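The first residue of the sequence shown is numbered 1, and numbering continues consecutively from there. No experiment lies behind these values; they were computed from the predicted model shown.
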Amino acid sequence: MGVFILLFSLLSFLTGASEPGARQGADLIFVGDAMQHQAQLDRAKELAGGKGYDYSDCFTLIAPEITAADYAVCNLEVPLGGGPDYTGYPCFSAPDSYAQALKDAGFDMFLTANNHCLDRRDKAARRTLTALDSLGIDHVGTYHDAADRARKAPFIKDINGIKFGFLNYTYGTNGIEPREGVEVSLIDRDKIAREVQAARDAGAEILCVAVHWGVEYVLLPGAAQKDLADFLTDLGVDLIIGGHPHVIQPMEVRHNAAGNKDIRLVYSLGNFISNMKTGDTRGGALVKVRVERDADGKARFKHAAYDTFFAQKPHGARGNFRVVPSGMSHMIPADQQAHWRMFDNSARRIFDAHNKNVPAVSNAK
C-alpha cells in the first residue's frame with residue numbers, strides 16, 4: 001500500500017493532478033496599463049550601460065504574486081517599434097526587452113487594442129505582434145490584417161482544463177488610421193456580438209472581454225462605459241476588464257438578465273507601471289478571480305478580490321522604476337511614502353464606496 005501511495009503521489013506531482021475530491025479550477029490575475037514614458041526608457045538605457053535596456057528590477061517585488069496565478073494578463077500600451085530610437089509620450093515605442101521583462105514577471109497575455117497601438121503606424125503594430133509571437137506571449141486586440149483577425153479572434157485558451165475565451169476592444173487610436181490594412185479591434189457592437197458568439201461556438205466556457213474605454217483621470221465610470229457594460233452583460237460575457245483612464249475605477253459582481261450567472265465587472269485597473277505624476281496615477285490595482293468547475297460540470301466564478309500597488313520612481317544610483325505591492329509598502333523610499341499613501345487612500349475610498357461584492361484581498365474569504 002505504501003508503494004502505491006508513493007507512486008500515486010509521484011504521478012500526481014508530475015501530471016499536476018489534484019487530490020481526490022478537489023474541484024477543477026483556475027486562478028487569473030489582471031492588471032492595467034503597462035506604460036513606457038521617456039523617463040522610463042532613459043533610466044533603463046542608463047542602467048544597461050550602453051548594452052540595450054535594463055528592466056531587471058522593475059517587477060521583482062510583484063513577480064511572485066503574478067507567477068502564482070495560472071494565467072496573468074496586462075495591457076501593453078506601447079508598440080514594440082524595433083528601434084533604434086524609442087520614445088515616450090505622445091507617440092510610444094518600446095524595446096522588446098520590456099515585453100520580455102513583463103513575461104519574466106509572469107504575464108501570459110498582453111492586450112494590444114488601445115489608443116496607442118498605432119503610434120508608430122502599421123509597421124510597428126505588425127512588428128509588435130511578430131515580436132510577441134517570438135517571445136511566446138499570447139495577445140489579443142490587434143492583427144496583421146482582417147484575415148488574420150478572422151483566423152485568431154476569438155482567442156481560446158485551455159487553463160487547467162477550463163476553456164477561456166478572450167477578446168479585446170478599444171474606443172479608438174488617437175485619430176491615427178491604419179494605412180496598410182492593420183486590423184484594430186474597435187468598439188463596434190455588431191462585431192463584438194459576432195465574436196462573442198464565435199467564442200461560445202468555439203467552446204469558451206468563461207468569456208473575458210477587455211475594453212479600452214472611459215475618460216482619462218476620472219475615478220468613476222461614465223454613462224458610455226455603463227451602457228457598454230450593460231450591453232456586454234446582456235451578451236452573456238462573464239468577465240469585463242476595463243482600462244485607459246490611468247486611474248482606478250470601481251469593480252462589481254452583477255447578475256445577467258436571467259439571474260443565473262454572476263458577471264465580474266472592473267471599470268478600470270489604472271496604471272501598472274508608468275512615469276505619471278498626479279496622485280491618482282501613481283499606482284493601480286490588480287484583480288484576482290477564481291473559476292471552478294462545479295459538481296454539475298459547469299465552470300463558474302467563485303470569487304474575486306483586489307489589491308493595490310505603487311509605481312515607485314528610481315531611488316539611488318542603481319534604482320529603477322519598480323512596482324511595489326501594498327503588502328511591501330514599507331520598502332517604498334521615505335521621500336515617496338506620501339505619494340503612496342495619497343494614491344492608496346484615494347483608491348480604497350473609491351473601492352469602499354462603490355465596489356459591489358469585490359473586496360480587498362485582505363478582507364476576502
Side-chain angles (χ1 to χ4, degrees), residues 28-37 40-41 43-45 47-48 51-60 62-88 92-114 116-145 148-149 151-159 164 166-168 170 182-185 208 210 212 241 243 272-274 286 320-323:
L28 281 70
I29 279 183
F30 296 82
V31 304
D33 304 333
M35 313 292 294
Q36 272 296 282
H37 291 97
Q40 295 170 270
L41 291 164
R43 187 59 168 170
K45 187 175 183 178
L47 292 173
K51 298 180 180 179
Y53 291 77
D54 183 359
Y55 297 101
S56 57
D57 192 41
C58 292
F59 310 114
T60 51
I62 202 166
E65 193 162 10
I66 303 301
T67 56
D70 296 304
Y71 202 70
V73 181
C74 73
N75 173 47
L76 182 69
E77 197 152 352
V78 288
L80 304 176
D85 297 321
Y86 299 103
T87 53
F92 291 103
S93 179
D96 294 357
S97 53
Y98 179 54
Q100 180 67 61
L102 288 164
K103 178 185 178 180
D104 292 344
F107 289 102
D108 303 287
M109 169 177 277
F110 292 166
L111 308 171
T112 59
N114 53 64
H116 288 289
C117 64
L118 293 180
D119 277 5
R120 290 293 188 95
R121 307 307 193 270
D122 293 46
K123 182 179 179 180
R126 287 196 175 100
R127 191 194 176 282
T128 300
L129 304 178
T130 302
L132 296 181
D133 286 339
S134 70
L135 293 172
I137 299 170
D138 297 339
H139 52 89
V140 292
T142 56
Y143 306 90
H144 289 279
D145 50 36
D148 188 46
R149 179 177 180 175
R151 287 191 301 270
K152 296 178 179 176
F155 181 84
I156 307 297
K157 186 77 173 184
D158 186 307
I159 306 173
F164 289 80
F166 293 91
L167 293 164
N168 176 210
T170 179
V182 162
E183 183 76 7
V184 178
S185 296
C208 308
H212 214 67
I241 297 289
F272 181 55
I273 191 168
S274 79
L286 61 80
N320 204 343
F321 290 83
R322 185 168 67 165
V323 180

Legend entry - Residues in side-chain hydrogen bond (donor to acceptor under 3.5 Å, both in side chains) contact with Thr142, at least two apart in sequence or another chain: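 Partners of Thr142 under the side-chain hydrogen bond (donor to acceptor under 3.5 Å, both in side chains) test: Thr112.
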
Smallest separation among heavy atoms of [X] and [Y], with atom names:
X	Y	result
Asp108	Asp70	OD2-O, 4.0 Å
Val140	Asn168	O-OD1, 3.2 Å
His144	Leu129	N-CD1, 3.6 Å

Inset, instruction - Check the side chains of Tyr55 and Gln36 for a donor-acceptor pair under 3.5 angstrom, ignoring hydrogens and angles. - result: yes

Inset, instruction - State whether a side-chain donor-acceptor pair under 3.5 Å links Thr60 with Asp57. - result: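 Looking only at side-chain atoms, Asp57 and Thr60 do form a donor-acceptor pair, the distance falling under 3.5 Å.
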
Polar side-chain atom of [X] near backbone of [Y] as donor-acceptor pair, under 3.5 Å:
X	Y	value
Lys103	Leu135	yes
Arg120	Leu118	no
Asn114	His116	yes

Legend entry - Check: Tyr86 ring centroid to Tyr98 ring centroid under 6.0 Å: no

Inset, instruction - Side-chain contact test, heavy atoms from C-beta onward, threshold under 4.5 Å: evaluate it for Glu77 versus Phe92 and give yes or no. - result: no

Legend entry - Whether Phe166 and Phe155 hold their rings parallel, tilted or perpendicular, with breakpoints at 30° and 60°: tilted

Inset, instruction - On the 0 to 90° scale, with breaks at 30° and 60°, tag the Phe272-Phe107 ring pair as parallel, tilted or perpendicular. - result: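 Ring orientation, 0 to 90° scale: perpendicular.
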
Inset, instruction - State plainly whether the residues Asp96 and Arg127 are in salt-bridge range, i.e. N to O under 4.0 Å. - result: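 Yes, charged N to carboxylate O under 4.0 Å.
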
